[in-house]
Amino acid sequence: MSPLQHLVRYGIPAEHKYLLGEFLDTYDLLMLNATAVAYMPAAIASLITQKASRKPYFIDPQTHIFQHGAGAIETTTDKGKSTIKRSIKLIVEAYGEPIKSRVGQKRLAILPADFRDLKVRAGFCERVIRFQAEALNDALKRSDAAKYYRFLERKKGTEVGSISPRYVVAPYFFLSHNTLADWLEINIACAGASIRAASKWKIPLAVQVVLSREVLTNQNLRETLKTQYTSRTRPEVFLVWVDAFSEQKASEDELVALVDLFRGLGKTAPVINLYGGFFSIAAARLGVVEELVGVTHGLEYGEDRPILPVGGGIPTAKFYLPVLHARLAFRDAVRAVRRLNGFKSAEDFHEKVCDCRECRRVIVKDPETEFAQYGETRPIAFSRRGATVVREFPLPETRDRSVRHYMWSKDREYRAHISQEALLRELKRASSDLGGVLGLDSTKHCEIWARVLSRSGG
Amino acid sequence: MKSSRTPSSKAQRDSLLKREADLVQGAFERIRGWSEIRVAKEVPSLGRCVDLVYLERGFVVAVEFKMNDWRRALRQARDHRLAADYVYVCMPVREIPQAMWMALAQEGIGLLFYSNEGDWPFSMALKAPQSSETWKVARAWLRDYVKAQRLPASQS
């Protein structure tokens with residue numbers, strides 16, 4: 001069995017440092033948002049070609065963002081005017097019709113009827129695929145390094161100044177309980193039209209399946225979805241994204257449904273989970289879901305994601321606790337580390353809590369004091385309902401340590417030796433050890449994961 | 001069916017929050033009059049915000065104010081035990097249900113009634129035991145934050 005692919009989703013430029021240097025070899029494939037590529041193509045092209053040693057990547061075309069109405073893609077200017085976000089305007093231009101007139105000019109949501117015309121659909125799919133295939137290359141050609149690449153190309157006789165994504169992704173739209181009947185046909189048709197476009201650029205096609213939790217857990221809808229995608233599309237890989245699906249909060253039935261979805265789609269092509277946690281990693285690595293070949297996460301809050309942004313919210317200090325495979329509010333992390341006897345000595349901390357590179361650097365002599373470095377904040381006052389409110393924001397160095405610890409912890413989850421028997425034992429023990437201090441809401445997932453993994457068979 | 005104690009509209013919730021904020025402000029102003037006690041309101045602590053913290057005879061005391069939702073107050077106060085020596089919920093004088101007495105005792109949280117009379121804003125309804133959960137680092141953060149606040153107007 002080939003090893004599970006470790007995918008990381010690129011978010012913002014500040015995250016570059018966690019994707020390069022010592023972290024470069026910890027992951028296999030980089031996932032980029034079309035909006036980020038459109039907004040800063042030169043920076044991303046340089047990241048991939050120069051700093052990231054040509055790390056394989058692909059671009060999520062994010063076509064679903066046009067189906068939710070103007071509110072989802074607009075921002076308010078300083079003068080109080082609503083306008084489409086600049087990064088989205090750029091992909092509207094690149095994708096052309098029917099998005100351009102419907103969304104860009106009329107500020108309306110795109111509808112299934114807009115894609116019924118075969119020619120319109122084919123043209124749209126080709127432009128979406130072309131954007132993924134060429135946007136970064138175009139940026140490279142325009143970059144300062146272009147002359148250097150041409151020099152190298154003449155010298156080496158090969159094309160060093162061009163990059164291609166590992167996959168191109170067919171346009172896709174979100175499938176909810178109420179809209180599946182409307183959008184499924186369009187998604188299937190776009191997958192068909194995109195095969196032709198992808199072959200033009202000689203890049204394998206990925207088909208992205210984005211669904212609500214209701215569709216996942218409704219057996220009839222799930223069967224419809226599996227049957228339609230497996231019988232009517234032929235991608236190189238399926239990319240699955242279940243809306244706001246936290247494996248830590250999911251019920252047993254939801255996880256069983258997820259396994260069933262992966263297995264079902266996997267009959268036609270391997271599956272990558274676009275937002276997944278340790279449950280997916282374990283299911284793939286233990287052979288419970290052999291069809292699952294990759295799991296993606298972001299750098300913060302990145303193991304699940306809602307279809308629509310829910311706003312930034314207030315960032316809070318969190319610590320990824322390896323035994324629970326979950327991020328905890330820092331106060332809960334303190335309680336957990338204390339319960340695990342991690343404050344007794346640095347050796348105890350490294351044995352019972354974490355011995356990743358970052359924890360070895362931070363926890364040296366006095367874990368009870370040093371652990372604070374993962375939770376240091378600064379208070380910021382702001383006004384709410386006319387009153388001054390003070391909230392804590394993690395210091396930049398707190399966030400840096402937490403992300404580094406998270407990245408090393410994830411690296412271990414994808415690579416360290418894993419045996420079903422030991423893992424199930426560890427999951428059950430974590431749940432029983434920490435349930436009393438953190439509450440079952442924070443620990444029960446371990447028990448549920450163990451049950452689903454053993455019930456679903458290895 | 002919603003409990004009669006649960007605020008059903010945004011206006012009601014805002015009104016409750018306003019009354020809570022008034023209690024916090026009232027307690028803050030009166031404790032500031034005590035020269036040997038340092039006090040701060042809206043104090044950040046481990047991702048929560050403590051309504052009022054005061055330092056008295058070397059101890060760190062955290063107070064969470066609530067008009068009526070005592071279960072919510074308890075949930076918040078429980079987290080303050082990581083950073084304070086003593087933790088209290090403060091409410092206007094009222095009948096306390098048996099379940100609340102039991103929960104307070106079980107969680108190691110004391111109860112104060114807000115008092116409009118006298119120099120001290122609280123009357124003790126249930127003395128809190130010293131927290132067995134205090135994490136020295138968070139306690140130091142809380143103490144330092146209170147110490148760093150401006151001295152009472154009369155002294156500054």
Side-chain angles (χ1 to χ4, degrees), chain A residues 301 313-319 327-344 349 362-363 365-395 398-399 402 436-442, chain B residues 10-26 28 40-53 62 65 71 74-84 87 106-108 131-150:
Chain A
Y301 315 110
I314 296 173
T316 54
K318 291 198 170 194
F319 181 78
R327 268 182 217 274
L328 297 179
F330 186 64
R331 57 179 176 273
D332 285 333
V334 170
R335 290 183 170 117
V337 172
R338 183 184 269 162
R339 176 71 182 84
L340 295 168
N341 288 322
F343 284 152
K344 278 190 173 170
F349 186 96
V362 170
I363 309 292
K365 277 185 190 165
D366 174 11
E368 185 162 5
T369 306
E370 291 159 346
F371 187 62
Q373 293 176 55
Y374 286 115
E376 285 170 319
T377 58
R378 71 188 164 115
I380 292 181
F382 58 94
S383 179
R384 196 173 70 180
R385 293 194 187 106
T388 301
V389 177
V390 182
R391 287 284 179 269
E392 291 173 287
F393 287 81
L395 300 177
T398 306
R399 181 179 177 267
S402 301
V437 286
L438 301 180
L440 287 183
D441 282 344
S442 301
Chain B
K10 186 176 178 300
Q12 276 178 294
R13 283 196 301 274
D14 284 352
S15 162
L16 274 180
L17 283 174
K18 170 81 171 63
R19 282 157 63 201
E20 268 169 31
D22 289 345
L23 291 193
V24 176
Q25 184 64 26
F28 174 71
K41 57 179 180 150
E42 292 276 350
V43 183
S45 172
L46 296 173
R48 292 251 190 244
C49 190
V50 192
D51 288 333
L52 190 92
V53 179
F65 288 74
R71 287 184 174 82
L74 231 66
R75 277 198 300 276
Q76 292 169 328
R78 189 184 297 143
D79 285 334
H80 305 337
R81 295 184 79 241
L82 271 173
V87 178
Q106 194 179 341
E107 297 290 348
S131 171
S132 56
E133 217 192 330
T134 314
W135 181 40
K136 62 181 183 182
V137 179
R139 183 184 183 279
W141 285 345
L142 202 57
R143 186 197 58 211
D144 294 349
Y145 183 92
V146 176
K147 282 186 173 175
Q149 298 306 294
R150 274 190 311 153

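Below, chain A is the first sequence line, B the second, and so on; all start at residue 1.
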Quick one: does any side-chain atom of B/Arg81 pair with a main-chain N or O of B/Glu107 as donor and acceptor, under 3.5 Å? yes
Measure A/Thr377 against the heavy atoms of chain B and call it side chain, backbone, both or neither at under 4.5 Å. neither
Is chain B contacted by the side chain of A/Ala372, its backbone, both, or neither, given a heavy-atom distance below 4.5 Å? both
Ignoring hydrogens and geometry, is there a side-chain-to-backbone donor-acceptor pair from B/Arg139 to B/Thr134 under 3.5 Å? no
Parallel under 30°, tilted from 30 to 60°, perpendicular over 60°: which one fits the rings of A/Phe330 and A/Phe371? parallel
Side chain, backbone, both or neither: which part of B/Gln25 has a heavy atom under 4.5 Å from chain A? neither
With heavy-atom distances below 4.5 Å as the criterion, would you say the side chains of A/Glu370 and A/Phe349 are in contact? no
